[in-house]
**Student:** 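Attaching a single structure in structure tokens format; questions to follow.
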Amino acid sequence: MLDMRYLRKNSEEAKQRLRDRGVEAETLDQLLTLDQARRDTIQRVENLKAQRNEVSDKIAYAKRQKEDASDAIAQMQQVGSDIKALDAKQAELDEQVNEIAAHLPNLAASEVPVGPDESANVEQRKWAPAHYDNRPEALVKTDWVKAHYDIGEALGILDFERGAKVSGARFLYYVGDGARLERAVYNFMLDEHRKEGYTEMITPIVVNDSAMFGTGQYPKFQDDAYRVAGLDQTYIPTAEVPLTNYYSGETLPAEDLPIKFTALSPSFRKEAGSAGKDTRGLIRLHQFNKVEMVKFTKPEQSYDELEAMTANAENILQKLALPYHVILLSTGDMGFSAAKTYDVEVWMPQQNVYREISSVSNTEDFQARRMHITYRDENNKLQLVHTLNGSGLAVGRTVAAILENYQNQDGSVTIPDVLRPYMGGQEKLEAKSHY
RNA sequence: GGAGCUAUGGCACAAUCUGGUACUGCAACGGACUCGAAAUCCGUCGAGCCGCUUUUGGCGGUGUGCGGGUUCAAAUCCCGCUAGCUCCUCCA
């Protein structure tokens with residue numbers, strides 16, 4: 001949610017910044033007109049209420065003195081019905097204002113490149129382990145490189161067919177060493193984040209509507225959510241929702257900030273509108289595992305913490321020796337709640353592209369305002385915290401990247417060094433006759 | 001799933017039957033006493049939200065779990081809901 005006072009006072013600037021986020025200027029004009037009408041109504045109804053309070057006190061006093069108050073009561077009957085009518089009008093205006101305000105995306109930070117879509121994103125840095133000679137393209141020059149889903153199926157560790165049979169398209173079973181590898185990957189990630197000072201959590205994976213509103217998924221993006229039939233609850237699209245809403249409605253002790261959480265959770269997405277895209281493999285599923293990071297910070301420290309969180313995501317890829325680059329998203333490519341977002345993209349040699357494996361965002365006070373998370377500053381005044389979230393990392397996509405980058409010509413896959421302790425010292429994935 | 005009870009400031013509670021300025025204590029804050037502290041005494045104390053404003057502040061509105069209703073007036077009466085507790089039932 002944006003700060004209404006800012007929008008009123010700086011409407012021209014706000015209009016431009018909203019236009020950068022794809023919102024038409026008329027939308028803000030409409031909002032401000034309704035806001036003005038709302039405030040006019042409030043003033044009228046509050047005057048009447050002040051009058052009612054005053055006269056009611058007099059009536060109470062008169063009754064205590066056993067005096068007659070029927071004149072005053074008759075007079076207040078009219079005021080009472082006027083108040084009722086104006087209250088109703090205000091409630092209607094409140095709803096109209098909220099309807100627009102709740103759909104406005106966050107404003108981008110000043111250093112975010114302005115552009116309509118991903119074409120305006122800006123690469124920040126590139127990394128690859130030494131044996132790639134800083135040229136991840138090197139691997140693709142061999143003609144035997146296979147896609148991760150072909151590798152996984154050949155090894156018998158990814159079963160998409162039975163996933164589709166039992167659940168539908170975009171679901172799968174991990175089998176045997178595949179399941180073990182997935183578990184090794186997320187245990188490794190959680191251990192790393194724990195070392196970095198994140199508190200490990202296991203969260204509910206079903207949340208109520210106010211939680212989905214708090215982080216910004218609702219009301220605008222309900223189509224992509226798995227709602228529990230008949231209940232006002234939703235299967236989470238990311239652990240960001242339960243982690244960030246953990247403190248909703250609370251005032252945090254300033255000395256505890258920044259607070260850092262991490263959690264593994266399944267994530268559920270309908271992927272509405274992406275029919276036909278990435279139909280094979282681990283890239284775009286209705287259910288996938290993700291290790292998430294969330295931070296609550298003071299405003300002045302949130303951008304340093306954004307850099308730190310991005311480094312936490314990169315650290316995982318560096319320890320896994322997977323090539324990646326980091327891009328700064330443009331105003332047109334950022335998510336609804338974000339003020340600034342870095343995407344980390346891992347090298348996928350078979351497709352010859354970088355694929356998103358993490359997205360790290362500072363939402364500033366956008367989510368905190370929606371869910372009322374505050375702290376007391378040096379002057380003992382309540383301030384909204386800043387919230388950040390980032391994947392650290394998408395587990396399934398990490399497994400896909402490992403399969404492709406660590407594949408050998410004989411069809412086996414070498415297990416990255418750092419994962420071997422998590423797999424009982426196993427060094428390779430090889431085809432087995434059966435599991 | 002069934003039955004009963006409960007929900008009031010940061011905490012503990014009163015007022016609910018019988019509608020009329022939400023009691024008191026603790027904590028907190030300011031002050032007195034003291035070399036300093038404790039104790040004691042005096043004073044302040046409804047968080048948050050909304051609106052207006054001449055903005056270190058002032059005024060008004062709202063605010064007794066949430067949402068409605070009745071009434072000149074609701075903590076109090078009525079309806080719906082949520083959460084917690086106890087018992088029954090079920091369950092990994």
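In the text below, chain A, chain B and the rest are named by the order of the sequence lines, each starting its count at 1.
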**Student:** Determine the Euclidean distance between corresponding P atoms of B:G20 and B:C29; express it in Å to zero decimal places.
**Tutor:** 36 Å
**Student:** What do you reckon, is OH of A:Y6 surrounded by more than 12 foreign heavy atoms closer than 6.0 Å?
**Tutor:** yes
**Student:** Determine the Euclidean distance between corresponding C1' atoms of B:C5 and B:G65; express it in Å to zero decimal places.
**Tutor:** 15 Å
**Student:** What is the base-pairing partner of B:C77, counting Watson-Crick and G-U wobble geometry with both distances under 3.5 Å?
**Tutor:** B:G69
**Student:** Both A:M76 and A:R376 contact RNA chain B. Taking the nearest nucleotide for each, which residue is further toward the 5' end?
**Tutor:** A:R376
**Student:** Below 30° counts as parallel, above 60° as perpendicular, anything between as tilted: where do the rings of A:H286 and A:F171 land?
**Tutor:** tilted
**Student:** Could you give the distance separating B:G61 and B:G4 at their C1' atoms, to the nearest angstrom?
**Tutor:** 39 Å
**Student:** For B:A28, give the paired nucleotide (Watson-Crick: N1-N3 plus N6-O4 or O6-N4; G-U: N1-O2 and O6-N3; both under 3.5 Å), or none.
**Tutor:** B:U44
**Student:** Any cation-pi pair here, A:R370 with A:F213, using under 6.0 Å and within 45°?
**Tutor:** yes
**Student:** Would you mind telling me which residue lines up with the more 5' stretch of RNA chain B, A:A72 or A:Q36, judged by nearest nucleotide?
**Tutor:** A:Q36
**Student:** Checking all strands, does A:I59 fall into the base, sugar-phosphate, or nothing category for heavy-atom contacts under 4.0 angstrom?
**Tutor:** base
**Student:** Both distances under 3.5 Å, Watson-Crick or G-U wobble: report the partner of B:C49, or none.
**Tutor:** B:G61
**Student:** Take atom CZ of A:R52 and atom P of B:U21, then tell me their distance rounded to the nearest Å.
**Tutor:** 15 Å
**Student:** I need the CD1-P distance between A:I73 and B:C72, as an integer number of Å.
**Tutor:** 8 Å
**Student:** Remember a base hit wins even if backbone is also touched, and classify A:K63 as base, sugar-phosphate or nothing at under 4.0 Å, heavy atoms.
**Tutor:** base
**Student:** Taking atom types as they are modelled, is there a donor-acceptor pair under 3.5 Å from the base of B:G51 to the side chain of A:Q43?
**Tutor:** no
**Student:** When the C1' atoms of B:U16 and B:C23 are compared, how many Å lie between them, rounded to an integer?
**Tutor:** 14 Å
**Student:** Calculate the interatomic distance between A:K49 atom NZ and B:C50 atom C1'; express it in whole Å.
**Tutor:** 10 Å
**Student:** Check the phosphate of B:C50 against A:R39, side-chain N and O only, distance under 4.0 Å to OP1 or OP2. Yes or no?
**Tutor:** no
**Student:** Without decimals, in angstroms, what is the distance between A:I373 CD1 and B:A47 P?
**Tutor:** 22 Å
**Student:** Distance between the P atoms of B:C77 and B:A14, in whole angstroms?
**Tutor:** 16 Å
**Student:** Counting only side-chain N and O atoms of A:R8, is one of them less than 4.0 Å from OP1 or OP2 of B:G51?
**Tutor:** yes
**Student:** I need the NZ-C1' distance between A:K9 and B:C52, as an integer number of Å.
**Tutor:** 13 Å
**Student:** Taking the P atom in each of B:U76 and B:C66, what is the distance between them to the nearest angstrom?
**Tutor:** 11 Å
**Student:** Is B:C33 paired to anything, Watson-Crick or G-U wobble with both distances less than 3.5 Å, and if yes, which nucleotide?
**Tutor:** none
**Student:** Please measure how far the P atom in B:G57 lies from the corresponding atom in B:A75, and state the result in whole Å.
**Tutor:** 29 Å
**Student:** Does a side-chain N or O from A:Q77 land closer than 4.0 Å to OP1 or OP2 of B:C72, or not?
**Tutor:** yes
**Student:** Under a 3.5 Å cut-off for both distances, is B:U56 Watson-Crick or wobble paired, and to whom?
**Tutor:** none
**Student:** In the structure shown, which nucleotide is the Watson-Crick or G-U wobble counterpart of B:U6, with both distances under 3.5 Å?
**Tutor:** B:A83
**Student:** Roughly how many Å is it from CG in A:D40 to P in B:C52, rounded to a whole number?
**Tutor:** 9 Å
**Student:** Just call it for A:R38: base, sugar-phosphate, or nothing, with non-hydrogen atoms closer than 4.0 Å on any strand.
**Tutor:** sugar-phosphate
**Student:** B:G51 P sits how many Å from A:Q90 CD, rounded?
**Tutor:** 10 Å
**Student:** When you check the side-chain N and O atoms of A:T374 and A:T251, is any donor under 3.5 Å from an acceptor?
**Tutor:** yes
**Student:** Does the A:T331 side chain pair with the main chain of A:G115, one donor and one acceptor, at a distance under 3.5 Å?
**Tutor:** yes
**Student:** Check the distance between B:G67's P and A:D87's CG and give it to me in whole angstrom.
**Tutor:** 13 Å
**Student:** Output yes when at least one side-chain N/O atom of A:N53 is less than 4.0 Å from OP1 or OP2 of B:U62, else no.
**Tutor:** yes
**Student:** May I ask you to decide if A:T215's main-chain N or O and A:Q367's side chain share a donor-acceptor pair within less than 3.5 Å?
**Tutor:** yes
**Student:** The side chain of A:L382 is closest to which nucleotide in this list: B:C72, B:G48, B:G60?
**Tutor:** B:G48
**Student:** Taking the P atom in each of B:G63 and B:G25, what is the distance between them to the nearest angstrom?
**Tutor:** 27 Å
**Student:** Ignoring backbone atoms, test whether A:K84 places a side-chain nitrogen or oxygen under 4.0 Å from the OP1 or OP2 oxygen of B:U70.
**Tutor:** yes
**Student:** Any sub-3.5 Å donor-acceptor pair from A:N208's side-chain atoms to A:A211's backbone N or O?
**Tutor:** yes
